[in-house]
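Structure, as structure tokens:
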Amino acid sequence: MLRMTGITKDFPGVRALNGVDFRLLPGEVHALMGENGAGKSTLIKVLTGVHSADSGEVRLDGAPLTIGSPKQAQAAGISTVYQEVNLCPNLTVAENVFIGREPYRLGRIRWKETRRRAAELLARFQLDIDPAAPLASYSLAVQQLVAIVRAVDISAKVLVLDEPTSSLDRDEVERLFTVMRRLRDDGVAVLFVSHFLDQVFDISDRMTVLRNGRLVGEFETRALSRVELVGHMTGRVLRTLEELHAPREDVREAIASREPVLAARGLGRKGGIAPFDLDVHPGEVVGFAGLLGSGRTEAARLMFGADGADSGTVRVGGSASALRTPGAAIGRGVAFCPEDRKTEGLIEELTVGENIVLALQAARGWLRPLSPARRAELVGKYITALSISPADPDIPARNLSGGNQQKVLLARWLITQPRLLILDEPTRGVDVGAKAEIQKLVVSLAGDGMGVVFISAELEEVLRISHKIEVLRDRAVIAEIANEADVTPERLLEIIANGVAS
Amino acid sequence: MTAITKHRLFWPAAILAVMLLANLIFTPTFFRIELKNGHLYGSLIDILLYGAPLILIALGMTMVIATGGIDLSVGATVAISGALACSIIADQPDQEAVGGVLTAVALALGLSLVLGLWNGLLVARVGIQPIIATLILMVAGRGVAQLITDGQIITINSAPYELIGGDYLFGFPFAVLIAVVVFTGTAVLTRRTALGLLLEAVGGNAEASRLVGIRARRLLVLAYVFSAFCAGIAGLMISSNIRAADGNNAGLWIELDAILAVVIGGTSLMGGRFSLAGTVLGALIIQTLSTTIYTTGVPPQVTLVFKAVVVTAVCLIQSPAFRAKAFRRRRPSAPAPAEAEVPA
């Protein structure tokens, strides 16, 4: 149905795509796979008209197609739903579905007709939501489904879903997959991008793998194993993940006997997280496990002073203190990588180098700038140490892929040599290779005596690297368990679901 | 070639050059600079001299806009600063006394700093949106200036004071020298220290900046104080140049010219990245336009419309999206696409 041949796209300093071929059949779910920076996003942006390719050809149903703008792509039958929902939360569901193409009569919008047709469409996808309710009253998952309904209704040949599941929980993902299978059966070609291997194997029929802007190959999902796929994506046999295993008991005890680097007592905030106690020791990795919205992020933010606490104290490095501002926490050697890289972490228009030195520079104050030589040295050191690519400190941080942006944020904090590093979902939206690198880094930092708080939705990951695990549910810490050999993801899930009693 | 056109100062510089050359067509002597009585004279010198207050204000405005804010009160600050200085000088028994003039200048600049502090605190402490916070002083400031001058236009006759905005030092207009010093000072202050980086961080993403421990409030206050300080100096220049303080008209609408200069210079109104050199070019473009209107004898009744047309054109040429569109449209009609890109 859709065929792209020899697509090449250059960005300043980077060849994002190099002669990539890609085809999409009608009635299939096709996964586009690759590490961060492999060129997935660029390929999608070329397909949807956000970028224009420097060379190469796109054919839809055999006819050559020029895609100069997202509008042209849409007119040709290619619709996209991005990771961030691009709808207006303040308008109703029906308005969002028909925005820009409302049914008119005599120059007036026919609201009744709009709502009736929206209701019809939603029913077709078995979505039980009120078309007259504001979009914002529904969860992100439902909003995403509404975006898909809208996209499909506009034009239904090719549907591109860019990381649609990254902020959905298990049930919501299932719901999305039901809709996707339905569309596939209707003959729509669905292009699916996700970092979750399980989901990719669950839903896709075929997949195309990219690496470093080049095509690795096109595979039948059934004929491919996970290990093979990861091998294709990274270009090497991946051992790193298996090398890491839960730390031994004597190590845990030795760590726990040290003076804690952070001790929270009765720390809490109304509407955020119920008061909790927590000790983080030097060299210890404390995992936070819990579902989205369980209070993981809120707890972390209190420990960093990003939000003010209503109750309790935080004792950092021996001195009792109320952390009123992030500055106070940073001054005591606490660092925090927030969950939302784009809005709370990165300053996208500044360069990679500027982003890396920012925390250190903020701590020094504006009157004590780093000398250009010192700055270049530090930035160069961490770009190499974390293998940030492209290794150019002078390009805007915006141009980096998600995994590399995450590494920039890590570099920003490592440069300040913190005693406690709080990482909120550092591996979300990051490919397998970078994920393993980040996990390894955390383990080695802890080995050097740094305390680490590690928050992740992936229980396997939390289990793999933590010494002890705080389990959170409904905005409260409900259990603290040592990471012993018999702790499994299933057991954690059970605690999250039923509490410790079971 | 593309490296040059992609430099972020290329378009402002090109536009300024085109404007100056256009003047040469109307006024063949436009580029002539003469030395009379040891002073430099000529249209170019005039542009610099009359552009100096705007350059100063635009420099201050650049700092504020870099933080994602805006300062509408600079015109009022110009009026207040000039009014205070002139009324102090007018009250002195000997207007020519250097000591008295220095006192007047110091008090006027001191008051400007206080006004900037007021703006800064409203924005950073009270949390009022910058456009509203500075609107308060924009409106009230004219009243304050009227109070200082008792509603009169105060004329003065003081040679030391006239030096600031109307006289020469070492052959150069003193005002231009001040502008050069302030520009250099600002550049050193922002680029040799980390101030520029931190301002850009705050303007680029306020929440992320807070989470890396940047104390944004202090920086915000500093930006507004600096803006008011620049406006205060500009107020001295303007009143010195006309030897009078006019609470109603001094610096009227100059805040809008300053904002325009900043934007033409390539600094986004959304905040973040700023360019001081771009701002100076922007201010010179606006001043050249004003000068052109006078020297070429555009009829007074069409002046404003003419200015609007030119400013619109300048903004469009600056926009990469517009340039791309304009060039793309031409391409099919021209046989050789490469040649069609040469600007007509």
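Computed over heavy atoms, backbone and side chain alike; hydrogens, waters and symmetry mates excluded. Protein chains get the first letters and strands the later ones, always in sequence-line order, with residue 1 at the start of each.
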Mind checking the CZ-CG spacing from B/Arg273 to A/Leu350? Nearest 0.5 Å is all I need. 5.0 Å

One should read off an interatomic distance between B/Thr193 OG1 and A/Arg364 CZ, to the nearest 0.5 angstrom, of 12.0 Å

With a 4.5 angstrom heavy-atom cut-off, which part of [X] approaches chain B: side chain, backbone, both or neither?
X        : value
A/Ala363 : neither
A/Arg412 : side chain
A/Arg301 : side chain
A/Thr343 : backbone
A/Ile330 : side chain

For the [atom1] atom on [X], are there more than 12 heavy atoms of other groups (residues, nucleotides or ligands in this structure) within a distance under 6.0 Å?
X        : atom1 : result
B/Arg191 : CZ    : yes
B/Trp118 : CH2   : no
B/Ile131 : CD1   : no

Polar side-chain atom of B/Asn205 near backbone of A/Leu346 as donor-acceptor pair, under 3.5 Å: yes

Residues of residues 207-222 of chain B near chain A, each having a heavy atom less than 4.5 Å away: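 Under the 4.5 Å heavy-atom cut-off, B/Glu207, B/Ala208, B/Ser209, B/Arg210, B/Leu211, B/Val212, B/Gly213, B/Ile214, B/Leu219, B/Leu222 qualify.
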
What residues of residues 260-272 of chain B make heavy-atom contacts with chain A at a cutoff under 4.5 angstrom?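 Interface residues of residues 260-272 of chain B: B/Gly271, B/Gly272.
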
Under 4.5 Å between any side-chain heavy atoms of A/Leu367 and B/Leu195, yes or no?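 No, their side chains stay 4.5 Å or more apart.
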
Tightest non-hydrogen contact, residues A/Pro369 and B/Ala194, listed as CB-N, 3.7 Å

Between A/Ala359, A/Ser371, A/Gly327, who has the most heavy-atom pairs with chain B when the cutoff is under 4.5 Å?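 Answer, by heavy-atom pair count under 4.5 Å with chain B: A/Ala359.
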
Can you tell me which of A/Gly365, A/Ala306, A/Gly305 forms the most heavy-atom pairs within a distance under 4.5 Å of chain B? A/Ala306

